[in-house]
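Here's the structure, in C-alpha cells; my notes come after.
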Amino acid sequence: MDSFLFQATIYLAAAVVAVPLSARLGLGSVLGYLAAGIIIGQVPGIGADAQDLQHFAEFGVVMMLFLIGLDLEPKALWAMRHRLIGLGGLQIVITTLLIMALAMALGLTAESALAVGLILSLSSTAIVLQTLSEKHLMQTSGGRSAFSVLLTQDIAVIPMLALLPLLALGAPVTLFPDGSMNLGGTDAATAGHGPSLVEGLPGWGVTLVTLAMVAAIILAGIYLTRPLFRFIQASRLREMYTALALLIVIGIAFGMTLVGLSPALGAFLAGVVLANSEFRHQLESDLEPFKGLLLGLFFITVGAGIDISAFLQRPANIIGLALTLIALKGAVLYTIGRAFGLRQRELWLFTLSLAQAGEFGFVLISFSLQQSVLPPPIAEKLHLVIAMSMLATPLLFILHELLARRLSDHSDHLPPDEIDEQGPVIIAGIGRFGQIVNRLVQSAGFRTVVLDHDIETIRLMRRFGFKGFFGDPTRPELLQAAGLSEASVFVVALDDPKAALKIVTYVRKQRPDIFIIARAQDRPQVFRLHRAGADKIVREMFDSSLRAGRYALEQIGLSEYEAAEAQQAFYTHDRKALRELADLWDPTIPAGHNKAYIDRARELQNELETSLLARLDQTHGSDEG
C-alpha cells in the first residue's frame with residue numbers, strides 16, 4: 001500500500017504541474033501528460049513500474065471508446081458509411097500497402113511486412129479526439145473527417161485481430177544492425193495480455209473464437225443489459241448505477257482479454273449496441289469522470305514507456321523512421337482528403353491530426369508476438385517508432401495552428417461564390433444560430449443573403465432548399481457583393497469572436513445607418529461588440545436561460561403571468577445594466593480587479609432584487625383586487 005500511494009502521489013503531482021503549464025503555453029494537455037511521463041520514466045525506482053500501471057491506465061482508452069460507441073447509433077453509422085468506407089477505408093488500405101512495400105524493400109517477409117503495415121496504418125484515437133475537443137475543432141469539417149477515419153480504424157482492428165493469426169512468420173529480419181534492443185527491460189516476445197483461451201489453437205480456431213466473442217458482446221448488449229438496469233433501478237441506490245456501468249466495461253475487457261482481443265474494441269461494440277438504450281445517458285454520466293482521469297494516466301504511461309536509453313543508442317534511426325511514417329501517412333491523408341473536397345485549413349487539420357501511429361498499435365504488436373507473426377526485434381523497434389510519432393502529435397497540431405493563421409490571411413481554398421442575389425437582410429454565419437435567424441426571416445416573406453466560409457455547411461443548406469453563398473464574410477469585397485450598401489439589417493452570427501468583432505467594426509464604418517445584430521458568447525464580448533457599433537447584441541444562451549428560469553418559477557408557486565412578468569423585468573433590467581457596465585468595463589483590467597465595475601454590478605444586482613419583489617407584490621395585489 002505504501003508503494004502504491006507513493007506511485008499515485010508522484011503521478012498525480014507530475015500531472016498537476018506539467019499539464020496546466022503545457023496548456024498555458026498553448027501546447028495542449030496531451031503533450032503535458034506525455035512530458036510528465038517521460039520525466040517519470042527516467043527516475044530510478046518509479047519509471048520501472050510504468051508498464052504495470054499501463055494495463056490499469058488502458059481502461060481510460062476502453063472507457064473512451066465505450067462512450068464514443070454510445071454516441072453512435074447504428075443508424076448514425078449507416079449514415080456515415082460513405083465517409084467510413086471512403087475516407088477511412090481508403091486510408092487504411094493505401095497506408096497499409098505503402099508501408100508493406102517499404103518494409104519488404106528493407107528486408108521483411110511479405111507476412112511480417114503486412115503486419116507492420118496494418119499496425120502503422122492506425123492513428124491515435126485517444127490523443128486526436130482529446131486534442132480536437134480541447135481546441136474546439138471537432139465540429140469543423142476537418143475534425144469530422146478525422147473522426148470518421150478514427151472510427152473506421154477502431155472498427156478495423158477487429159478484422160485485423162482476426163487476420164493476424166492467419167499470417168505465417170517470415171524469416172526474422174531486424175532493422176537494427178546488431179538486432180538487439182530491450183524496451184524498458186521487458187522481453188517483447190512474452191508481452192501480451194496474459195493467459196488466453198486461444199493459446200495453442202490453430203489460426204482458423206483463433207479467428208472463430210474471435211468472431212464468437214464479438215457476437216457474444218453484441219447479443220449481451222441487446223438482451224442482457226436492459227434487464228440488469230431495471231433490476232438496479234428497483235433498488236433506488238444511486239451508487240449501483242456507477243457499479244453497473246463499471247461492471248459492463250470491466251466485464252467486457254475481461255472477456256476480450258480471455259481470447260487475446262483488445263478490450264477497447266469490445267467496449268466500442270458494446271457502446272454502439274447500447275446507443276439506442278434508454279440508459280445511455282446514465283452510462284455516460286457515470287463513466288465520464290473515470291474516463292478523463294484514466295485517459296490522462298494512459299498518456300503518462302505512454303511517455304514513461306519510452307525507453308530513452310534505447311532511443312539514445314540510435315536516435316537518428318528512430319527519429320528517421322518516425323518522420324518517414326508521419327510523412328508517408330500525411331501524404332496519403334492529404335491526397336484522400338483533397339479528393340473528398342477538403343481544402344486548405346480543413347485539409348491540413350485532417351492531414352496533420354492523423355499522421356501518427358496509435359495506441360492500438362501496441363495492442364496489435366503484442367498480439368502479433370503471441371501469434372508469432374512478428375519477430376521480437378521488429379516488435380521492439382515498432383514500439384519506439386509508435387511512441388515517438390504519438391509524442392510528435394501535439395507538435396503537429398501546433399503546426400496546423402500556424403498554417404491556419406497564415407492561410408486565414410490569404411484568399412480561401414476555393415474562390416468565393418458569385419453572389420447573384422441581394423436582400424434587406426445579410427446574415428454572416430450559418431451555424432445553428434444563423435440558421436434559425438435565416439429561417440424565421442425567410443418564413444416571414446423577406447429575402448436574405450447568407451454568407452459562410454464553410455463549404456460543407458453551404459452545401460448542406462442547399463440540399464435542404466436554403467440558398468447560401470460560400471466565402472469569407474470578413475472580406476470587404478464579399479460584403480459589398482452581398483449588397484452591404486443597400487441592406488437594412490446585418491446579422492453577425494459567427495462563432496469566432498475575433499471575426500465577429502472585425503465584421504461589426506468594418507460594417508459600422510461603411511454603413512453608419514445600418515442596423516447591426518450580433519451574436520455574443522459572454523459579457524466581455526458584448527462590451528467589445530457594443531463599442532464596435534452593434535445595435536443589438538444577443539448572448540447565445542441568455543434567452544434560453546431566461547425561459548428555463550421562468551419554467552422554474554412556475555413550478556415553485558408563481559402563476560404563468562407572474563413568472564412572465566419576472567422574466568420581462570429581469571430582461572429589461574439586464575439590458576439597462578449592460579449599458580451601464582459597458583462604460584465601466586476596461587479590457588486592460590482583469591474582471592476581478594476592476595473595483596468600479598464590481599461595485600456597480602453589486603448595486604445593480606440589489607436594485608434588480610428590489611425591483612422584482614416590488615413588481616411581484618404589485619402583480620399579486622392587482623390579482624387579489
Side-chain angles (χ1 to χ4, degrees), residues 64-65 68-69 71-100 117-133 135 137-160 264-265 268-269 271-272 325-361 364 389-390 393 396-397 399-400 403-404 413-414 454-460 463 470:
M64 179 190 70
L65 284 174
I68 290 174
D71 285 331
L72 291 171
E73 300 180 19
K75 288 189 296 185
L77 285 173
W78 178 251
M80 295 171 63
R81 64 189 183 278
H82 298 298
R83 283 184 175 270
L84 294 177
I85 298 173
L87 276 174
L90 283 174
Q91 183 273 324
I92 293 172
V93 171
I94 296 175
T95 304
T96 298
L97 292 177
L98 288 177
I99 294 177
M100 177 182 176
L118 293 172
I119 290 168
L120 297 181
S121 69
L122 305 176
S123 304
S124 176
T125 302
I127 292 180
V128 175
L129 290 187
Q130 178 85 354
T131 309
L132 288 175
S133 178
K135 296 182 179 295
L137 295 170
M138 186 63 77
Q139 297 307 317
T140 64
S141 58
R144 293 193 299 269
S145 298
F147 175 77
S148 298
V149 171
L150 290 170
L151 186 57
T152 306
Q153 292 176 355
D154 294 342
I155 297 172
V157 173
I158 297 173
M160 288 182 187
L265 264 297
F268 172 76
L269 284 176
V272 172
L325 171 65
I326 291 172
L328 189 148
K329 292 187 73 172
V332 173
L333 290 162
Y334 187 90
T335 303
I336 295 174
R338 188 154 191 167
F340 275 76
L342 294 175
R343 295 293 185 271
Q344 297 289 26
R345 283 174 290 182
E346 303 302 329
L347 178 59
W348 282 114
L349 173 61
F350 175 72
T351 300
L352 295 174
S353 65
L354 299 174
Q356 78 293 118
E359 57 276 349
F360 279 125
L364 292 179
S389 70
M390 290 172 69
T393 303
L396 295 176
F397 272 98
L399 176 59
H400 164 259
L403 288 172
H413 51 276
L414 290 175
D454 189 340
I455 187 64
E456 294 297 329
T457 302
I458 293 295
R459 288 170 177 167
L460 181 63
R463 285 199 289 269
F470 169 74

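Index from 1, following the sequence.
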Non-hydrogen side-chain atoms of L132 and F147 separated by less than 4.5 Å: no
Closest non-hydrogen atom pair between L87 and S145, with its separation: CD1-CB, 3.8 Å
Flag, side chain of S121 to backbone of T95, donor-acceptor distance under 3.5 Å: no
Residue pair I326 / L396: nearest heavy atoms and the distance that separates them: CG2-CD1, 4.2 Å
Audit row: V332, L90, side chain to side chain contact (heavy atoms under 4.5 Å, CB included) steps and yes/no: CA-CA 9 Å; V332 173; L90 283 174; over 6 Å; no
Flag, side chain of Q91 to backbone of L122, donor-acceptor distance under 3.5 Å: no
Gap separating the CG atom of L120 from the CG atom of L364, nearest 0.5 angstrom: 10.0 Å
Reported CG-to-CZ distance for the pair L151 and R144, which is rounded to 0.5 angstrom: 14.5 Å
CG-CG distance between L328 and L98, expressed to the nearest 0.5 angstrom: 5.0 Å
Side chain to side chain, F350 and V149, heavy atoms closer than 4.5 Å: yes
Inter-residue atom distance L352.CG - Y334.OH, 0.5 Å rounding: 10.5 Å
Any donor-acceptor pair under 3.5 Å from K329 side chain to Q356 backbone: yes
For G330 against T351, the heavy-atom pair lying closest together: O-CG2, 3.3 Å
Closest contact, heavy atoms only, E346 versus G142: OE1-N, 2.7 Å
Heavy-atom side-chain contact between I336 and I94 under 4.5 Å: yes
Test item: I92 and M160 side chains (from C-beta on) under 4.5 Å apart, heavy atoms: yes
CE-OG distance between M390 and S123, expressed to the nearest 0.5 angstrom: 10.5 Å
Heavy-atom pair with the smallest gap, counting every atom of G117 and T96: O-OG1, 3.5 Å
Smallest separation among heavy atoms of S353 and F397, with atom names: CB-CZ, 3.5 Å
